[in-house]
Amino acid sequence: MLHHNIFRATAMALLLTSATVGIARAEDKPKIGGTLRLAAASAAGTIDPHISYETGFYWPIFYVLNDGLVTFRKAAGQPSNDIVPDLASEMPKISSDGKTYTFKLRKGVKFSNGQEVTLRDVVATFERLFKVGNPNSNLWYNVIKGGDKCVESPATCSLAEGVVANEADGTVTFNLTQPDAEFLYKLAVPFGSILPADTQASDLGTTPSAATGPYMITSYDPQRGMELKRNPEFKVWNEDAQPDGYVDEIKYSFGVQPADAVTAIQNDQLDWMWDSPPADRLKEISTKSAGQIHINPSFATYAAEMNTNIAPFNNKDVRQALNFAVNRRAAINIFGGPRLAEANCQILPVDFPGHKGYCPYSKNPGEKWAGPDMEKARALMERSGQTGQKVTVTVGDAGFDSRIGTYLVSVLNDLGLHATLKVISSNIQWTYAQNSKNNVQITVNTLWQDYPAPSTFLPVLFSCGAFHPGSDASPNISGYCNKSIDAKMEQAMKAALTDPAASIEKWSAIDHEITDDAPWVSLYSPNLLYFVSKRLKNFTYSHQARMIFSKVWLD
Amino acid sequence: MSDNILEIRDLTVAFRTEQGPVEILQGVSFDVKAGEIVSVVGESGSGKSVTSLAIMRLITDPNAMISGTIRYKGRNLPGLSAREMRKLRGREIAMIFQDPMTALTPVHTIGWQIAEQLRIHFGVGAKAARTRSVELLGKMGIPDPERAYGCFPHQLSGGMRQRAMIAMAISCDPAILIADEPTTALDVTVQAQILDLLQDLRREYGSSIILITHDMGVVSTIADRVLVMYSGRIIENGAKSDLLDKPQHPYTLGLMRSIPPMTGERPHRLPSISGSPPLPGNRPEGCSFRPRCEFSFSKCNAAPPLFRCNEQFAACFLAENGSHQWQRNSAQERTGE
Amino acid sequence: MLLAVVRRAFDMVFVMFGISVIAFLIFFATPGSDPSARIAGRNATPEMLAQVRASFGFDRPLYVQYGRLMQRLFIARDLTSFVNRGQKVVPAVLQATPVTLSLVFGAAVIWLTAGIGLGIVATIFRGTVIDKGLMLLALCGVSMPVFWFGSVMNLITQSRFHDTWLFSWVPGLGYTSFFESPSLWFKTLVVPWFTLSVLFIGLYARVLRASLSENYQEDYVRTARAKGLSESRIMLRHALRTSLITLLSMFGLDFGALVGGGAILTEVVFNLPGIGRLTYQALQNLDLPFIMATVMYSTFFVVLANALVDVAHAWLDPRVRDAR
Amino acid sequence: MTIVSNTSAAPAGKDKRNKPKGPWRTALSRLLRDKLAVASFLFLASIILSTASATYYADHISQTDPFQSNLDGHIEISGEPAEIMAADSEGLGLGVTPIGPTWTGQYLLGADAQGRDVAARLLYGGQNSLIVAFSSTALCLLLAGVVGTVSGFLGGIVDTILSRLLDIIWAFPIYLLAISLSIVLISKGLQIGPFHIPSNSLLLPITIIGVVYVPYVARPIRGQVLTLAKSDFVLASVCLGMPTARILVRDILPNVVTTLIVFAPIMMSLSILTESSLSFLSIGVQPPAASWGTIIQDGQGLLYTRPLVAIAPGLAIIITVLCLNFLGDGVKEAFDPKAKLRVGKD
């Protein structure tokens with residue numbers, strides 16, 4: 001059986017490299033027009049692109065609405081991780097010290113409200129990031145000169161020194177306080193969307209912003225849905241950055257439960273669903289509607305974060321014991337079976353830049369996980385002297401979390417701990433788990449990339465600076481603080497400016513080192529399964545924008 | 001016999017119980033003549049009400065077994081179809097009940113309830129039914145009948161309710177009116193008015209009235225003929241004057257004794273019949289009054305048939321050969337001489 | 001009379017005030033319900049949190065926060081969600097109302113008709129096998145968890161027998177407005193209507209059966225028979241007419257509670273975007289403005305239903321009318 | 001002018017020669033004569049017994065730990081090995097389906113999404129469902145009895161405050177209140193003085209369900225006590241100078257207790273239904289502990305492939321509640337036929 005599974009896993013890996021399982025035949029001719037019907041169980045809050053951090057949910061929408069100076073290439077597979085010029089007419093000129101970036105603004109691009117995109121809008125956009133309290137303004141954008149001041153007093157934010165427009169030659173120059181290898185990524189994500197200068201300096205909430213992309217939002221009601229129509233002002237300026245859309249309208253319905261969405265897609269009443277199809281429908285759709293399924297790897301790690309500051313997980317032996325004991329295959333079975341996830345022992349997701357297969361917590365330690373090792377686990381538990389400790393597994397109530405939690409409880413009990421499960425609203429789970437005051441011992445989360453660089457995982461989740469005791473905003477949930485690793489991360493960041501390849505090597509080493517310390521039990525990298533209607537063609541999966549809404553057409 | 005409007009023969013009503021059938025009525029027979037007021041007296045549980053309900057075929061208990069004949073104008077009521085019987089009820093034979101509070105539907109106005117009956121039996125329109133109902137209420141001596149028409153039962157006094165009840169009963173001009181203890185729930189003064197009303201009705205419409213009561217005073221006021229019931233049987237039957245003067249059955253005598261004298265000094269304590277009537281399932285052998293009877297003798301171990309004594313009938317072996325000593329005594333006692 | 005109305009109104013306001021305070025306290029006492037962190041976003045610093053807290057007034061004393069919330073809910077009517085920022089609460093509640101009304105109205109028609117029908121039939125056949133069978137069925141209806149029954153109905157109509165002629169007409173779950181497509185509106189609601197009404201059919205049939213058999217013991221039914229009325233007329237115009245008063249008071253309270261979000265489980269199971277589901281989502285998201293709005297809305301209907309039932313009771317039952 | 005004897009004759013001739021018994025003994029003997037009620041009681045007892053045997057069942061018959069996930073295991077069915085969680089091989093091979101009913105000792109009713117034996121969980125879940133129902137009913141009746149009696153008997157300001165409080169809880173839609181309390185309490189547990197009830201304790205659903213139904217019982221009891229307190233015999237006792245406590249114990253409490261007894265089965269059936277609803281919304285009994293409601297919730301995710309996981313606990317609930325309702329009818333008839341019981345439900 002085991003052998004059989006391994007065989008299947010390899011077969012799957014082969015399949016995955018082809019990125020999509022649904023077969024788009026060459027003779028399918030592009031069609032223009034029609035309404036693309038999307039559905040999700042619920043909306044996800046504000047649609048202010050400077051505020052919404054819904055990387056999976058709203059960012060793919062923002063990518064067809066708005067443009068930054070640069071963006072990720074709208075393409076399938078690895079090329080989608082590349083940065084291409086967007087509202088800038090070419091890639092920026094970077095000074096040799098890496099502290100100034102000069103962009104030439106493209107001429108003649110208009111917002112959906114008819115105004116032209118001007119240098120003033122660019123400047124205003126970056127000031128607005130601070131004014132509206134962009135979630136990363138203090139982490140990403142404070143590298144811009146004047147940024148730290150803006151973080152302190154957002155209302156009066158001025159980036160007069162940081163973002164300098166030169167009306168004469170139509171360029172804008174960013175002055176940074178220090179070199180930043182990932183600055184372009186930070187401009188390429190939707191936070192960098194250029195909005196009109198007169199956009200209100202507070203959360204837009206449910207009011208759509210002016211668009212530069214092929215579509216614009218015409219209505220948004222979080223209880224019901226969202227409607228996107230063609231932006232009449234849009235003309236293609238760079239096919240790679242912002243291609244025109246095929247469909248005329250996109251209609252996103254909220255409040256559609258996954259099971260109902262599956263049925264609706266089967267009946268051709270919907271074209272695409274955000275949520276994963278429920279586990280008990282997988283068999284049915286994979287036999288009946290195999291051609292409508294697209295499975296793609298995602299840059300995410302599903303992991304159980306352990307609190308390294310309180311018992312019993314302040315004991316490395318216990319953390320490693322749990323790592324040895326957890327059967328990743330079992331977790332994958334909960335998630336929907338071996339086709340939908342790949343076992344992972346380390347922090348960086350499978351295939352992510354810097355990921356080098358490494359699994360010390362396996363029957364036969366090696367590059368890949370090969371099965372749990374209960375003997376080692378028990379031995380480590382024995383050594384730790386923590387047997388009998390009480391553990392509460394705190395998980396959110398959405399998705400598979402509570403079921404994985406149940407499984408973890410069962411493993412912890414097997415190891416001789418006294419484990420109980422605590423399910424809380426998934427809406428508060430993320431902040432609740434972060435606050436060290438709540439003494440969460442172990443929790444589970446899916447950690448997604450922001451952009452394709454190891455720094456979106458490692459420093460954000462494991463640096464000493466990312467741990468704020470007693471705060472709801474402390475993404476280093478493990479409370480893991482290791483000065484030597486902090487120093488190494490610093491070095492890796494620096495290296496990225498000069499020698500990207502060496503930097504990646506460094507990140508890989510850090511990844512492995514943290515994995516050895518076991519602040520997490522990484523379980524797997526989930527694959528994204530998209531179930532689409534028969535008439536949806538040219539499904540294009542980008543690592544950044546997921547299904548590119550402007551690329552699909554309807555038969 | 002042709003002037004008998006109602007002839008009842010051998011009416012027996014029994015209920016199936018866990019202990020076997022229990023006879024509530026044991027072969028009741030009597031006649032009612034046109035225009036006659038027949039009063040049925042007896043203690044509670046003697047079978048008076050069951051008799052009246054049996055005539056109306058209103059015993060709905062599925063465990064009831066009814067036998068005997070009830071001839072109304074020659075038609076045997078138990079043999080009629082439910083539909084025919086329904087046409088008769090309220091139209092030919094009407095009934096008024098003891099407690100006018102509970103006997104009227106609380107959620108309809110009394111006017112509506114009277115009109116309902118008129119509309120059912122005569123098919124008259126709403127307006128005509130209303131006019132007639134108001135008229136009837138007026139005839140019953142209800143002041144301001146227009147207002148009373150729109151009143152709900154609980155808004156009227158007991159006497160008014162009973163008048164309304166009677167108005168309803170006579171609305172279709174029935175040939176027989178069965179009044180089941182119509183005055184029990186009322187004040188003494190109102191009782192007299194209601195009894196006057198019943199007498200007026202007989203005079204005006206010529207209806208026969210079967211008046212069921214346990215009150216000898218009521219009997220002496222208006223009855224033409226009296227039936228005395230005890231434990232499911234008629235034990236004495238005779239014209240009022242005869243029966244009151246010369247009761248043939250010791251039980252009747254007992255009843256008479258319990259009436260306080262009309263004149264003279266009231267006795268300190270009214271004499272009463274000792275003991276209580278037997279339960280229907282638990283009757284003694286022979287005469288069921290025997291255990292309470294001060295005159296009982298060996299013959300009483302057998303059930304006495306109705307003996308004729310002039311125009312009176314009595315189910316007592318003492319009456320087998322005409323009147324007896326105790327009768328005279330009782331008559332003297334009654335008049336207080 | 002005026003005094004009674006004023007008193008009644010005062011009672012209503014008092015109860016609603018009490019409930020709003022309880023709901024407010026319940027949710028402000030919850031750890032993690034402080035929306036600042038969610039509003040501030042994923043990687044917010046403690047300083048940013050403090051800013052958000054100040055700008056939303058979360059650092060003010062509780063009674064000030066309560067006052068502000070109420071002011072924005074009832075007077076300014078511009079209260080917005082903490083989760084879906086910018087979304088106004090009042091229009092969302094108003095939008096959900098027709099869904100709940102559609103569900104409850106339809107179910108009410110079914111349960112009144114069937115409940116009264118069953119009650120009458122059982123009374124007519126009282127003591128027989130038919131009576132016992134119907135009452136057993138009614139009791140089963142009362143004993144079923146509504147969400148479970150809904151799931152089973154879904155399983156039958158959406159999956160197992162969906163491809164048969166019997167249920168092929170059943171559309172997928174969700175709600176279509178009556179004005180969009182009356183026929184689809186009807187089709188989507190048939191199964192939820194039935195599911196929601198089953199419990200009440202059982203309840204009403206049992207109550208009516210008990211009340212009618214009680215009435216049949218009453219003297220006035222005998223009077224009605226003595227009047228020569230037909231059995232059906234006695235049943236409908238006399239016995240039932242009297243029982244309806246009890247039934248209608250029950251109905252008023254049930255209807256009020258359901259319109260006020262009591263159909264929460266049915267709405268969740270059938271994914272109907274009504275008040276119940278709105279409330280449930282708000283509770284799950286700990287979205288305080290929505291919770292307050294939906295709780296106040298529900299309470300309003302429950303309290304109103306109570307008041308209306310009192311009035312209707314007096315109107316229908318002349319005895320009560322005169323008693324006051 | 002009336003006949004003196006006033007013995008009423010009962011036409012059916014029942015209840016003759018009754019020796020004077022205490023009212024409760026009379027009621028009990030009446031209850032014992034109600035065959036349906038007795039049968040329901042026996043059936044309930046057998047349900048309780050079988051849930052009590054859960055440990056035995058798990059150890060000796062199903063031979064699995066119903067609280068231990070078993071996502072990667074095998075069993076033997078008639079000699080053939082079978083995967084408990086079988087990854088599907090047809091089509092694209094997506095999805096993992098738990099083993100279905102084997103109708104043998106192991107996995108009699110199949111496995112749930114965690115590969116646990118549904119039949120064994122059903123018994124364990126029944127334990128919790130019944131414990132919650134019993135305890136919350138007891139709590140509710142106790143609170144309602146105290147509040148109703150105190151409020152009705154003392155009157156005055158105490159009554160005003162308590163009745164107002166009851167009014168508010170009464171008007172708070174029952175499920176909303178229960179859900180609100182559950183969501184809040186489950187996220188942090190409950191602190192009563194020095195005692196801390198952790199969030200996954202059964203005491204939480206017990207307390208919540210017990211409390212939210214208090215007005216439904218307390219209000220009728222208050223009314224009853226109010227009537228009793230004004231009744232002639234209590235007034236007479238007061239005039240005779242009897243101590244208040246004695247009046248309470250002798251005249252009022254027996255009546256209150258009778259009402260509570262009549263309410264008990266109905267409240268229990270309500271509690272079971274409420275518990276299952278809360279658990280269905282994941283805010284009742286907390287996993288990995290199970291109740292019938294949580295098993296239904298678990299089964300929701302398997303409705304299409306293994307519907308039995310959700311259907312079986314539902315049937316268990318229906319049967320139990322049905323028995324309780326029959327018993328409730330019997331108890332009502334025996335103890336207080338005139339009692340008007342009607343408790344609102346969703």
Side-chain angles (χ1 to χ4, degrees), chain A residues 1-2 4-5 8 11-12 15 21 259 262 277-291 293 295 327 329-340 371-372 392-394 397 400 402-403 405-411 413-414 419-425 428 432 438 529, chain D residues 65-74 81-98 112-116 182-189 198-201 279 281-290 294 297-307 309-310:
Chain A
M1 201 59 230
L2 186 71
H4 180 60
N5 269 355
R8 197 186 288 154
M12 176 197 73
L15 257 171
V21 178
V262 168
D280 63 334
R281 301 294 291 277
L282 287 175
K283 184 180 179 181
E284 175 194 347
I285 58 172
S286 82
T287 47
K288 273 200 212 162
S289 332
I293 294 174
I295 300 174
N327 184 343
R329 188 166 45 240
I332 289 171
N333 270 347
I334 290 176
F335 188 66
R339 290 296 311 277
L340 291 183
T392 303
V393 180
T394 308
D397 57 2
F400 299 94
S402 65
R403 289 167 62 187
T406 306
Y407 169 67
L408 284 177
V409 166
S410 150
V411 176
N413 282 330
D414 217 8
T420 47
L421 185 68
K422 176 168 168 176
V423 183
I424 60 176
S425 164
I428 62 168
Y432 183 86
N438 294 326
L529 181 152
Chain D
D65 182 347
F67 296 102
Q68 203 66 14
S69 305
N70 194 357
L71 292 155
D72 200 30
H74 299 82
E83 270 182 294
I84 289 165
M85 303 296 289
D88 292 297
S89 48
E90 286 168 61
L92 295 175
L94 299 178
V96 176
T97 310
D112 69 1
Q114 295 275 341
R116 300 170 298 196
S182 305
I183 283 184
V184 169
L185 293 183
I186 277 169
S187 61
K188 75 160 180 184
S199 61
N200 53 3
S201 163
S279 295
L281 297 174
S282 325
I283 43 179
V285 173
Q286 291 301 295
T294 63
Q297 163 66 15
D298 291 345
Q300 286 296 303
L302 294 170
L303 210 52
Y304 279 76
T305 44
R306 296 281 177 241
V309 181

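Reminder, nothing fancy here: chain letters follow the sequence lines and each chain counts from 1.
- The side chain to side chain contact (heavy atoms under 4.5 Å, CB included) test applied to Thr97(D) returns Lys283(A), Asp88(D), Thr305(D), Arg306(D), not counting sequence neighbours.
- In this structure, the side chain to side chain contact (heavy atoms under 4.5 Å, CB included) partners of Thr394(A), at least two apart in sequence or on a different chain, are Thr392(A), Lys422(A), Ile424(A), Tyr432(A), Val440(A).
- Of all heavy-atom pairs spanning Ser286(A) and Leu94(D), the tightest one is OG-N, 3.6 Å.
- Residue contact with chain A, scored on non-hydrogen atoms closer than 4.5 Å, involves the side chain of Gln286(D) exclusively.
- Within the model, atoms OG1 of Thr406(A) and CG of Asp298(D) stand 7.5 Å from one another, a figure rounded to the nearest 0.5 Å.
- Only the backbone of Val411(A) comes within less than 4.5 Å of a heavy atom in chain D; its side chain stays farther off.
- Of all the heavy atoms in Ser410(A) and Ser69(D), the pair that sits closest is OG-N, 2.9 Å.
- Going from atom CD of Gln68(D) over to atom CG of Asn413(A) covers 6.0 Å, rounded to the nearest 0.5 Å.
- Chosen from Ile332(A), Val409(A), Ile285(A), Asn327(A), the residue pairing most often with chain D at heavy-atom distances under 4.5 Å is Asn327(A).
- Proximity to chain D involves both the backbone and the side chain of Arg403(A), based on heavy atoms less than 4.5 angstrom apart.
- For Phe67(D), the part lying near chain A is the backbone, with the side chain staying farther off; criterion is any non-hydrogen pair under 4.5 Å.
- Within the 3.5 Å criterion, the main-chain N or O of Leu303(D) finds a donor-acceptor partner in the side chain of Asp280(A).
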